[in-house]
Amino acid sequence: MARRTVAVAALGTTLALISYTAPLATLEAISADLGTGPSGRSWILSSMSLGLTALLLTAGTLADRFGRRATFVTGAAVLALTSAGGALATGTAGFVAGRIGQGVGAAAMIACSLALIGHALPPGPRRARATGLWGAALAAGIAAGPLLAGVLPWRWLYLLIAVAAVLLAVAARSLLVESSAARPRPVDLPGMVLLAAGLAVLLAGLTEARRLPVGAGTVALLVAGVLLLAGFVVVQFRSPHPMAGPELFRNPGLIAATVASLATGLGIISLSSYLPALMHGVHGDPPAVSALLLLGWSGTGIVTALLARRISERIGDSVRLGAGLLVMAVGQVGLLAAGGGSGVVLASLIVTGAATGVVNASLGREAVASVPADRAGTGSGINNTSRYLGAAIGVTVTSVLTAPTGGETAAQLLAGWHVAVLVAVGATIVGAVVALVCARVAARSPVS
């Protein structure tokens, strides 16, 4: 039964990430087919992030309360319906709505995947192997999305995702055992509403902020998003049953995993998301070449995520996260030489990918181990929310720094890219330092 659980959870994660990354290689084709303008193109790239990030923690919390299998199956069904809707869309607005819905479905699947693994396998070597496989599945989805998009017409790809999601929902319903918290907690409805609304509004503002100059409406969205999230934090301190209360963050392992996830999004995920546009603007590389370059990152990550279980158990997850992020920072520095062509970019991505695999596997394990056993969905939701919020912020920063007007020359693109890379490297190093400090704190005062 444990093997079935791991297999379904891994396949769900892969399918969710295929949906997430597919537009990286199909943006031009989708935009041409739908008659999409510059603003719509930004929304095509960002819309799934909006649904995904806004609902991850909520989905994980509801899964702990009402059932992880039920939530996973529901997520797969939503992904199927919205993917089919995207495939049949005749305009940008309809396609973007489908992408947001894909994010909602993917949020339920990703949040539940780690919770299902945590319930099926106790702490130890078997769970380490399973979370390594989960990390490899994450990287496999990132790799497969652009590759499939490069060989299939985009509408056929979205229909294929819909069919795969239906099959996965049926398999999950048949093969998974239902699990939920041993002591179900009351639903923190104010917290859920404030968090989902705050993240959605903030991400909408970040998407609009990619077009300069920034207008008053964009500023209003950003401010409103921050205020809603501030309200969420207040509720978490005052609610008798908070969805992500401060008591969870007394564990330094959860702090390390949360910050490391955020740094991964701000760093390599944001850079890799913009890399195809950079390589096309500077070297004229077609999407297929960029997809193969990104395979150097994600493909290497698959291998090292699977090998991470061989690292000695005496090396804690927070130490692995800190060391992995430092190596990722070194690999990202190599991206400063993107003007030299594909060879140097590929070498840098391979180095970064080797570290990313270890980080992904460690994040998967720590996200579940650093919270009470009956709140595994919440731990997974916190971890993944941090990752994709970091990615949304990072992509906006990278886009604005690299191409603020959208009409830059190759030399101007590279100059802006250099600044964006340094910002991403800085965020990655900060994440590494926090993780290593948390490891030291945990060693001095282990959490019982």
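Treat the numbers as computed from the prediction; the structure is a model and nothing was measured. Excluded from the calculations below are hydrogen atoms, water molecules and symmetry mates; all remaining heavy atoms, backbone and side chain alike, are included.
- Here the side chain of R320 pairs a donor or acceptor atom with the backbone of I315 at under 3.5 angstrom.
- Annotation: side chain to side chain donor-acceptor pair (under 3.5 Å) contacts of S380 (sequence neighbours excluded): N384.
- Few gaps surround NE2 on H418; more than 12 heavy atoms of other groups in view lie less than 6.0 Å from it.
- Between the side chain of D188 and the main chain of P242, no donor-acceptor pair closer than 3.5 Å is present.
- Side-chain N or O atoms of W154 include none that pairs as donor or acceptor with a backbone N or O of P23 at under 3.5 Å.
- A pairwise comparison of heavy atoms in T304 and A354 identifies OG1-O, 3.0 Å as the closest pair.
- Using a 4.5 Å heavy-atom threshold, the side chains of T402 and L413 count as touching.
- In this structure, the side chain of S83 does not engage the main chain of A80 through any donor-acceptor pair within 3.5 Å.
- Between R173 and E178, none of the side-chain N atoms (NZ, or NE/NH1/NH2) sits under 4.0 Å from a carboxylate O, so this pair counts as no salt bridge.
- S179 approaches L116 most closely through the heavy-atom pair OG-CD2, 4.5 Å.
- Each ring pair (Phe, Tyr, Trp, His ring centres under 6.0 Å) pair with one or both residues in residues 364-390, not counting sequence neighbours, appears once here: Y20-Y388.
- Taking each heavy atom of A224 and V201 in turn, the nearest pair found is CB-CG1, 4.0 Å.
- From C438, atom SG reaches atom CD1 of I255 across 5.0 Å, with rounding to the nearest 0.5 Å.
- V235 and P190 get closest at one heavy-atom pair: CG1-CB, 4.4 Å.
- Here the side chain of R68 pairs no donor or acceptor atom with the backbone of A111 at under 3.5 angstrom.
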side-chain hydrogen bond (donor to acceptor under 3.5 Å, both in side chains) evaluation trace for N251 with S370:
CA-CA 6 Å; N251 188 327; S370 58; 5.2 Å; no

Could you give the side-chain donor-acceptor pairs of residues 420-431 under 3.5 Å, partners two or more places apart or in another chain?
unit_1, atom_1, unit_2, atom_2, d
T428, OG1, Q332, NE2, 3.1
T428, OG1, A424, O, 2.8

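- A200 is linked by a side chain to side chain contact (heavy atoms under 4.5 Å, CB included) to L50, A54, counting only residues two or more places apart in sequence or in another chain.
- Considering only residues two or more places apart in sequence or on other chains, V351 meets the side chain to side chain contact (heavy atoms under 4.5 Å, CB included) condition with V327.
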Go through the steps to decide whether L176 and R4 satisfy the test side-chain contact (heavy atoms from CB on, under 4.5 Å), and finish with yes or no.
CA-CA 7 Å; L176 297 181; R4 295 177 185 175; 5.7 Å; no

Walk me through whether D285 and S342 qualify under side-chain contact (heavy atoms from CB on, under 4.5 Å).
CA-CA 9 Å; D285 290 350; S342 301; 3.5 Å; yes

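- Here the shortest heavy-atom pairing between L11 and L168 reads CB-CD1, 4.0 Å.
- Between L389 and L202 there is a side-chain heavy-atom pair separated by less than 4.5 Å.
- Taking CZ of R3 as the start and CG of L175 as the end, the distance is 14.5 Å to the nearest 0.5 Å.
- Taking the salt bridge (charged side-chain N to carboxylate O under 4.0 Å, His left out) definition, one finds that R99 meets it with nothing, sequence neighbours left out.
- Applying the ring pair (Phe, Tyr, Trp, His ring centres under 6.0 Å) test to residues at least two apart or on different chains, none of the pairs has a partner in residues 109-139.
- Shown here are the side chain to side chain donor-acceptor pair (under 3.5 Å) partners of W297, two or more places apart in sequence or in another chain: T356.
- Going from atom CG of L321 over to atom CG of L326 covers 11.0 Å, rounded to the nearest 0.5 Å.
- Here the straight-line distance linking atom OG1 of T5 with atom CZ of R69 works out to 10.5 Å at 0.5 Å rounding.
- Across A244 and I382, no two heavy atoms sit closer than the pair CB-CD1, 4.1 Å.
- For the pair L292 and L147, the minimum side-chain heavy-atom distance is below 4.5 Å.
- Here F237 and F232 keep their ring centres 6.0 angstrom or further from each other.
- Checked against side chain to side chain donor-acceptor pair (under 3.5 Å), S261 has the following partners two or more places apart in sequence or in another chain: N383.
- Judged by distance alone, with hydrogens and angles left aside, the side-chain atoms of Q102 form no donor-acceptor pair with the main-chain N or O of M48 at under 3.5 Å.
- For S49 (side chain) and L45 (main-chain N/O), no donor-acceptor pair under 3.5 Å exists by modelled atom type.
- R309 is linked by a side chain to side chain contact (heavy atoms under 4.5 Å, CB included) to R129, L306, counting only residues two or more places apart in sequence or in another chain.
- Under the 4.0 Å criterion applied to side-chain N and carboxylate O atoms, D317 and R365 are assigned as salt-bridge partners.
- Formation of a donor-acceptor pair under 3.5 Å by the R127 side chain with backbone atoms of G118 is found in this model.
- Listed by chain and number, the residues in a side chain to side chain donor-acceptor pair (under 3.5 Å) with R387 are N360 (sequence neighbours excluded).
- Here the OG atom belonging to S47 is positioned 11.0 Å from the CG atom belonging to L52, to the nearest 0.5 angstrom.
- Distance CZ/R41 to OG1/T207: 14.5 Å, rounded to 0.5 Å.
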Stepwise, does the side-chain contact (heavy atoms from CB on, under 4.5 Å) test hold for L436 with L325?
CA-CA 10 Å; L436 293 173; L325 287 170; over 6 Å; no

Using the rule given for side-chain contact (heavy atoms from CB on, under 4.5 Å), can you reason through S46 versus V395, listing the C-alpha separation, both sets of side-chain angles and the distance that settles it, and then say yes or no?
CA-CA 9 Å; S46 304; V395 169; 5.7 Å; no

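- Listed for the T14 side chain is a donor-acceptor partner under 3.5 Å among the backbone atoms of A137.
- Between T398 and W417 there is a side-chain heavy-atom pair separated by less than 4.5 Å.
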Show me the donor-acceptor pairs within less than 3.5 Å that the side chains of residues 272-279 make with the rest of the protein, sequence neighbours left out.
unit_1, atom_1, unit_2, atom_2, d
S272, OG, I268, O, 3.0
S272, OG, I269, O, 3.1
S273, OG, I269, O, 2.7

